[in-house]
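The structure appears right after this line, and notes come after that.
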Amino acid sequence: MSGFRLPTGGRIDRTRPVAFRFDGKEYSGFAGDTLASALLANGVMLFGRSFKYHRARGILAAGTEEPNALVSVNRGPGRATPNLRATGVEIYEGLEAASQNRWPSLGFDVGAINDRFGMFIPAGFYNKTFMWPRSFWERVYEPAIRRMAGLGNAPTDPDPDHYAATYAHCDVLIVGAGPSGIDAALAASTSGRRIILIDEHDEIGGGALGEPELWPWLDRSLADLERVPNLTILTRTTAFGHYHDNFVGAVERLTDHRAPPVDGPREKLWRIRAEAVILAQGAIERPLVFAGNDTPGVMLASAARVYASRYGVAIGKSVVLMASHDSGWHDVFALARTGAEVAAILDVRAIVDPALTARAQALGIEVKLAHSIIDVTGRRAVSGIEFAANDGSRRGCIPCDAVLMAGGWTPSVHLWSHGKGTLKWRDDLGAYVPDAARESVRCVGAGAGNWDFGSGAVVGALPTPKDTARIKAFVDFQNDVTAKDIKLAVREGFRSIEHIKRYTTNGMATDQGKTSNINGLQIASDALSRPVVDIGLTSFRPPYTPQTFGALAGHAKGALFQPLRKTPIDRWAEANGAVFEMVAQWRRARYFPKKGEDMPTAVARECLSVRNAVGMFDASTLGKIEVVGADAAEFLNRMYTNPWKALEPGRCRYGLLLKEDGFITDDGVSARLAPDRFHLTTTTGGAARVLNMMEDYLQTEWPDLDVWLTSTTEEWAVIAVQGPLARDVLAPLVDGIDLSAAAFPHMSVREGTICGVPMRLFRVSFTGELGFEINVPAAFGAAVWEAVHSSGQAFGITPYGTEAMHVLRAEKGFIIVGQDTDGTVTPTDASLDWAIGKKKPDFVGKRSLSRPDIVASGRKQLVGLLTDDPNIVLDEGAQIVADPLQSIPMTMIGHVTSAYRSATLGRSIALALVKGGRGRIGETLHVPMADRVLRVTVADPVFFDRDGARLHV
Amino acid sequence: MILIHCPYCDERRPEIEFANAGQAHVVRPADPAALSDDEWAAFLFIRANPRGRHHERWRHIHGCGRFFNAVRDTVTDTFEATYKAGEPRA
């Protein structure tokens, strides 16, 4: 037998039938039904197969704690959601839901064979069995186990939904809108404070929704709440985590309960900061642990009452109650009022409140005290129970089609524990309750252990005369953990609940042990003969229930995942066919292929144009810092390795920046514009880091210095014009600057105008050619770029990208910090001793340069590498060895940092860091690759124009 | 998410506005050249790792940009005090 719809009662709207499908079959429910209540009303008992043994499972609960009835809801491509609790899925017209973890069908499941061989799958089975051979784990065991023991399938299509997010602030946040939460909201409302009341269900009321006698009170309270100003009520909203300083994360489900197609975001993430938090999350009824307690038709007593009174659904025609707590008696009395036949009440306690037994007698219900269920008959649906007295005598059977369990109550302390509130054990409740708070938070109602459900006895597993090694009495329904497994873990030496939990997986399923933690603890406590408090309690961690990645990610996906930084010249580059690459968050033109060109061809053309004529390059991403103040030169003198005080206005200097440990962290050319003003440049990726480092020293070490640092990276567009004809390109466009070699030598700066736009013009070169860098206000960047480009046509000007820039600088042996250095490279390692001010008593990192390991021999040094075969370009990152015939693992003496094909030199070149590299110039080394070993010769890292003649023209 | 009081802005702001900058009150020696290798190594590398009260530097990097000092409990992750750079150790 099975459930059915009662003729009257419930909060469902019987005038609005709703058609839906479950496992492909049509069913009908009413508006206000959950998938669970609607299917129960249709007589469906079987909702899924269990995780490990593939046992038939029905509905255990009516709320969020449901461990068994996990379903997948399909709302179209990319909109499949697995592992939803049927008790929380609101039905709508056309809903498509499916059961999980069964093959080929829910009724006939091949994996159910596991149940017969269950004695071979004890706790720790996977750990013990699939240890060997090690290589089998990933390829053989894990895929097979995943197929057998699984939850639902994640969708494979991209999620087409979008998700909203918001911040909210309030004086009082109340989580849980049951009677306690509603009372708390009304009590807080008198002071005009901003209140947010959150509840995870579709309507507020909590436990009162299952008690029709409270509905008039609920209606009055709702009317009162409507009159409260500054009150926000969020339904279908789960507060999933409570974080520091009363920060609560909540997800509001906006559209999943409506028939598609629907507009608007699917869910909304609320980040709520509250002055005070009131947790009114209620309590969860505990199952009792006996053989067959997972058979479809065995349910929490409170859940059966909710199905009857809230949804108008009877869960069976003839029910038996197994209780250790008074609340179950009240539940079956309520069921009796709806017309249910109560076949018997069994209570493990020998003594119960005489008022309860009297009431049962008056209703004609058979009562068996000090009795327990010892087995349940029926595999896919309950057909009866076997019972015995607690001493094993007086065994008997009772036919029934539903069994209710009333094992007492566990306060929902999840969010309380997230906020690091402490717990105390109450023997009378057999549960942990909130104790001391860290945040401004308090628990009220059943969540604090305050309820009027009566009292009960605390039991682990129910007594049974059967061999406990041969029965399956479930503790964690979702992870298929039995009392036997927990006892086995204890026998095998586990003492702490943290270990027992991990070994048995008790409480580790998607429900985080909402119905199983305390029973598991009690059974472990009994097995160890130690009090529960000595065994500990596992920690609750967010989220309270599983949440979608979509809600947590919000808009931060795809193009909005992180900002994309573009230069003022980006649009021109895009229009002119640039191929881009990402450099930190910047999008930079890598090369500009002409029709039919591949990357090597385009890069070779760009490089040769710079060497033989002129090229132009967008260098706007360079980090820029304006350093101003009377002590600006003194400050830079302390920061950089170089001397700055004698640098004359109008001159530039290559600056090398170390960290205090002596390793190179950044470099760049900087100009002195005036005695108290410098224009600093940094690497593209290092700008923010360098500014932070300088601010740190300025604010905390040398606050006496009169210096101001301003990030000007995005204020200036920078156009590098490089090549023998660079001066000819600029001459017609520039006013106010004498460009001649005598008046404007290499490494100097001038201020003037270009195309009428104010400009700082640097004569600098990262290519080894005559070069200028035009700095104009960003807003004029694109216009000046186009002017230079058209003026340069007569000279064959060629736009080039970052790839050609890399090749050109490598030909000159110029390092890129972060590519040719890795945070362990000193100026000496990189052959940059010349950049160290020898007479300076101190600068950041100077003391470290005389540390023993920094001056030791055999450090890796920057050198050039030339392959024997000039056509082979080494892999950047490839390791270098001296002897390729040595046994593996080989002794690696360095690695390739940069490698390119050089059109100028007609061969490949590479830079590398090699132990004792400068002493090895001319030596042959080897680069072992997957398929061959490459021979290389160590060379000077400057491959082209070693004396710099091309710069000074 | 923690709220941190910036002593310069005199406001409690969410932690995403701030960046941790390591242990506080580690003063750069006035004359590093006068230090032995061991003394310099201690300045460079040796830091406290207390269980409980910890003096740290923070920067209100997405706010006023100022560095300041704080006392944070490393067990509870709560701030006991924040104070301006240069003020005595709290």
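We name chains A, B, ... by the order of the sequence lines, and we start the count at 1 in each one.
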Open item on the list: Which atoms of A:E701 are under 4.5 Å from chain B, going by heavy atoms: the side chain, the backbone, both sets, or neither?
Closed with: side chain
TODO: Taking the six-membered ring for Trp and the full ring for Phe, Tyr or His, determine whether the centres of A:Y697 and A:W702 are under 6.0 Å apart.
DONE: yes
- [ ] Quick one: list whatever passes side-chain hydrogen bond (donor to acceptor under 3.5 Å, both in side chains) with A:T237, sequence neighbours left out.
- [x] none
Task: B:E17 and B:H60 side chains, donor-acceptor separation under 3.5 Å - done: yes
TODO: Tell me, for A:N692 versus chain B, whether the close heavy atoms (under 4.5 Å) come from the side chain, the backbone, both or neither.
DONE: both
TODO: Decide yes or no on salt bridge (Lys or Arg N to Asp or Glu O under 4.0 Å) for B:R12 and A:D245, but give the supporting numbers first.
DONE: CA-CA 11 Å; B:R12 292 179 86 204; A:D245 292 322; 3.4 Å; yes
Task: Contact class of B:L44 relative to chain A, heavy atoms under 4.5 angstrom - done: side chain
TODO: Classify the side-chain pair B:T82/B:H5 by whether it contains a donor and acceptor separated by less than 3.5 Å.
DONE: yes
Open item on the list: Pairing donors with acceptors under 3.5 angstrom, does anything connect the side chains of A:D666 and A:T683?
Closed with: yes
TODO: Report the relative orientation of the aromatic rings in B:H25 and B:Y83; use parallel for angles under 30°, tilted for 30 to 60°, perpendicular for over 60°.
DONE: parallel
TODO: May I ask you to list the residues in residues 34-42 of chain B that approach chain A closer than 4.5 angstrom, counting heavy atoms only, ordered by number?
DONE: B:L35, B:S36, B:D37, B:W40
TODO: Would you mind checking which part of B:R59 comes under 4.5 Å of any heavy atom in chain A, side chain (CB onward), backbone (N, CA, C, O), both or neither?
DONE: side chain
Task: Region of A:R438 in contact with chain B, defined by heavy-atom distances below 4.5 Å - done: side chain
- [ ] Taking the side chain as every heavy atom from C-beta outward, state whether B:M1 and B:I16 have any pair of such atoms under 4.5 Å apart.
- [x] yes
Task: Region of A:S848 that comes under 4.5 Å of a non-hydrogen atom in chain B - done: both
Task: Under 4.5 Å from a heavy atom of chain A, the part of B:D31 involved - done: neither
- [ ] Answer with yes or no whether the side chains of B:T76 and B:T78 bring together a donor and an acceptor at under 3.5 Å.
- [x] yes
TODO: Test B:Q23 against every option in B:R57, B:H54, B:E56, B:H55 by the side chain to side chain contact (heavy atoms under 4.5 Å, CB included) rule and name the one that passes.
DONE: B:H54
Task: Among A:K659, A:R273, A:K846, residue most engaged with chain B (heavy-atom pairs, under 4.5 Å) - done: A:R273
- [ ] Select one option (side chain, backbone, both, neither) describing which atoms of B:F43 are under 4.5 Å from chain A's heavy atoms.
- [x] side chain
